[in-house]
S.K.: 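The structure follows.
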Protein chains: 2
Amino acid sequence: MNEHVHAATDLTKNQTLVMGALTNSDGPLSAYTILDQLRDHGFRAPLQVYRALDKLVEFGLVHRLESLNAFVACRHPGCDGHQTIAFMICESCGQVNEISDGILTKRLKALADEASFALKKTTIELRGLCRSCQAA
Amino acid sequence: MNEHVHAATDLTKNQTLVMGALTNSDGPLSAYTILDQLRDHGFRAPLQVYRALDKLVEFGLVHRLESLNAFVACRHPGCDGHQTIAFMICESCGQVNEISDGILTKRLKALADEASFALKKTTIELRGLCRSCQAA
DNA sequence: CGCAATCTTGTAATAAGATAACGTCACATC
DNA sequence: GATGTGACGTTATCTTATTACAAGATTGCG
Ligand SMILES: [Zn+2]
Ligand SMILES: [Zn+2]
Ligand SMILES: [Zn+2]
Ligand SMILES: [Zn+2]
């Protein structure tokens with residue numbers, strides 16, 4: 001049922017609103033920031049946001065950044081979920097860059113296999129300074 | 001001052017207590033779980049735990065698991081901070097395995113360099129099932 | 001010693017993030 | 001029409017983390 005990426009038209013009203021907030025944003029947003037932005041559209045409670053986010057993450061349209069407790073729209077529509085995704089997060093400007101890399105994916109798989117660990121999900125988040133912010 | 005790993009004797013009373021709680025634990029502990037465990041020793045407020053944890057993390061004696069909002073004692077005293085650390089977290093039994101790998105470290109560095117990203121800290125957390133828990 | 005600078009601690013209050021529990025509504029299926 | 005399912009709304013509650021302020025302890029001089 002959710003084996004393929006969903007198109008925007010499959011989304012419910014609340015999911016569309018949350019997706020819009022994330023898409024229009026430069027960087028990641030916390031659930032409560034999204035809530036505040038959508039109060040004018042009838043959002044009143046955190047659960048409305050969290051429920052939409054759960055689905056969007058499930059659909060692969062949104063990623064959760066664990067080290068920020070925040071969410072970001074997928075900038076890489078090709079990311080098929082078969083490769084691990086790494087995020088480069090600038091601690092100065094907050095910009096997030098999403099990359100997937102075969103070598104990384106393979107190495108993590110190998111390490112997991114070596115330990116007989118059944119890998120289900122990987123979180124890779126790199127913190128530092130983006131190119132622009134190093135100049136300053 | 002904190003450029004080298006601190007010995008246990010360098011720790012303050014609160015730091016020692018928090019470190020002890022983590023060392024005695026099988027798996028990661030949340031700050032509030034630690035607080036509860038240390039109430040008999042005079043702990044009354046979250047900040048006492050968080051302040052100790054901040055220092056212990058700074059000293060490299062404790063790692064924070066971002067995807068769990070929890071903390072774990074370093075099981076790998078050799079981890080010098082020059083390599084990235086990856087955690088394999090079993091979603092069934094909660095056991096955490098800490099590994100550092102040169103290939104992984106080099107690949108992440110290369111990806112960061114490629115993007116002109118000044119890497120400061122990496123978070124790698126693998127979720128899945130450990131060997132024992134796959135049997136069940 | 002006397003004093004300042006710094007570190008550590010204690011406490012209360014509050015902010016930020018996430019979920020539980022309950023009921024309702026719309027829609028598809030039989 | 002009965003039934004099941006999924007989205008929605010609302011309230012309350014829980015977990016995680018920080019801010020603000022004050023009091024002791026420690027160190028390093030002069
Ligand atoms: Zn993506
Ligand atoms: Zn930047
Ligand atoms: Zn370690
Ligand atoms: Zn296990």
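Letters A, B, ... mirror the listed sequences (proteins, then strands); counts begin at 1.
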S.K.: Any side-chain N or O of B/K13 below 4.0 angstrom from OP1/OP2 of C/dT8?
M.R.: no

S.K.: Please report, rounded to the nearest Å, how far the C1' atom of C/dT9 is from the CG atom of B/L11.
M.R.: 16 Å

S.K.: With sequence neighbours left out, write down each residue that passes salt bridge (charged side-chain N to carboxylate O under 4.0 Å, His left out) with B/R127, or none if nothing qualifies.
M.R.: B/E91

S.K.: Taking the side chain as everything from C-beta on, heavy atoms only, tell me whether B/F117 gets closer than 4.5 Å to A/N97.
M.R.: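 No, too far: nothing below the 4.5 Å cut-off.
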
S.K.: Any protein N or O atoms within reach of nucleotides 24-28 of chain D? Criterion: under 3.5 Å, listing atom names and distances.
M.R.:
none

S.K.: Holding to side chain to side chain donor-acceptor pair (under 3.5 Å), I want the full list of residues that pass it with B/Q37, two or more places apart in sequence or in another chain.
M.R.: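 Checked B/Q37 against side chain to side chain donor-acceptor pair (under 3.5 Å); zero matches.
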
S.K.: Of all residues at least two apart in sequence or in a different chain, which pass the ring pair (Phe, Tyr, Trp, His ring centres under 6.0 Å) check with A/F87?
M.R.: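 Checked A/F87 against ring pair (Phe, Tyr, Trp, His ring centres under 6.0 Å); matches are A/H63.
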
S.K.: Check the distance between C/dT8's P and B/L53's CG and give it to me in whole angstrom.
M.R.: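 So the two atoms are 15 Å apart, to the nearest Å.
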
S.K.: Rounded to whole angstroms, how far apart are NE2 on B/H41 and P on C/dG10?
M.R.: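 To the nearest whole Å, that distance equals 13 Å.
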
S.K.: Whole angstroms only, please: what is the CG-P distance between B/L29 and D/dT15?
M.R.: 15 Å

S.K.: What pairs meet the salt bridge (Lys or Arg N to Asp or Glu O under 4.0 Å) rule with one or both residues in residues 16-45 of chain A, with sequence neighbours excluded?
M.R.: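 Residue pairs with at least one partner in residues 16-45 of chain A: A/D36-A/R39.
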
S.K.: Give me the distances for all protein-to-nucleotides 25-29 of chain C N/O pairs that come in under 3.5 Å?
M.R.:
none

S.K.: Roughly, in whole Å, what's the span from CD in B/E58 to P in C/dT8?
M.R.: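 Taking CD of B/E58 and P of C/dT8, I get 9 Å after rounding.
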
S.K.: Roughly, in whole Å, what's the span from CG in B/N14 to C1' in C/dT11?
M.R.: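 Distance, rounded to whole Å: 13 Å.
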
S.K.: Applying salt bridge (charged side-chain N to carboxylate O under 4.0 Å, His left out), name anything that partners B/K13, two or more places apart in sequence or on another chain.
M.R.: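 Partners of B/K13 under the salt bridge (charged side-chain N to carboxylate O under 4.0 Å, His left out) test: none.
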
S.K.: Under the salt bridge (charged side-chain N to carboxylate O under 4.0 Å, His left out) rule, collect the residues that match up with A/D54, sequence neighbours excluded.
M.R.: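 Applying salt bridge (charged side-chain N to carboxylate O under 4.0 Å, His left out) to A/D54 gives none.
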
S.K.: Name all residues meeting the side chain to side chain donor-acceptor pair (under 3.5 Å) criterion together with B/D101; count only those two or more places apart in sequence or in a different chain, and write none if there are none.
M.R.: A/R107

S.K.: So A/I89 and A/S67, do their side chains get closer than 4.5 Å, heavy atoms only?
M.R.: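 In contact.
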
S.K.: Any side-chain N or O of A/Q48 less than 4.0 Å from the OP1 or OP2 oxygen of D/dC8?
M.R.: no

S.K.: Roughly how many Å is it from CG in A/D36 to C1' in C/dG17, rounded to a whole number?
M.R.: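 My rounded result for the distance is 13 Å.
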
S.K.: Quick one: is D/dG6 close enough that its OP1 or OP2 comes under 4.0 Å of any side-chain N or O from A/T12?
M.R.: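 Negative; the distance criterion is not met.
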
S.K.: Over how many whole Å does the gap from A/K55 atom NZ to D/dC8 atom C1' extend?
M.R.: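 Interatomic distance, NZ of A/K55 to C1' of D/dC8: 13 Å.
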
S.K.: For residues 60-71 of chain A, pull every pair meeting salt bridge (Lys or Arg N to Asp or Glu O under 4.0 Å), keeping only residues two or more places apart or in separate chains.
M.R.: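 Qualifying pairs, neighbours excluded: A/R64-A/E66.
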
S.K.: Please identify each residue that fulfils salt bridge (charged side-chain N to carboxylate O under 4.0 Å, His left out) with B/K106, with sequence neighbours left out.
M.R.: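 Here no residue qualifies.
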
S.K.: Any protein N or O atoms within reach of nucleotides 18-22 of chain C? Criterion: under 3.5 Å, listing atom names and distances.
M.R.:
{"unit_1": "C/dA18", "atom_1": "OP1", "unit_2": "A/R64", "atom_2": "NH1", "d": "3.2"}
{"unit_1": "C/dA18", "atom_1": "OP1", "unit_2": "A/R64", "atom_2": "NH2", "d": "2.2"}
{"unit_1": "C/dA18", "atom_1": "OP2", "unit_2": "A/Y50", "atom_2": "OH", "d": "2.9"}
{"unit_1": "C/dA18", "atom_1": "O5'", "unit_2": "A/Y50", "atom_2": "OH", "d": "3.4"}
{"unit_1": "C/dA18", "atom_1": "N7", "unit_2": "A/Y32", "atom_2": "OH", "d": "2.8"}
{"unit_1": "C/dA18", "atom_1": "N6", "unit_2": "A/Y32", "atom_2": "OH", "d": "3.4"}

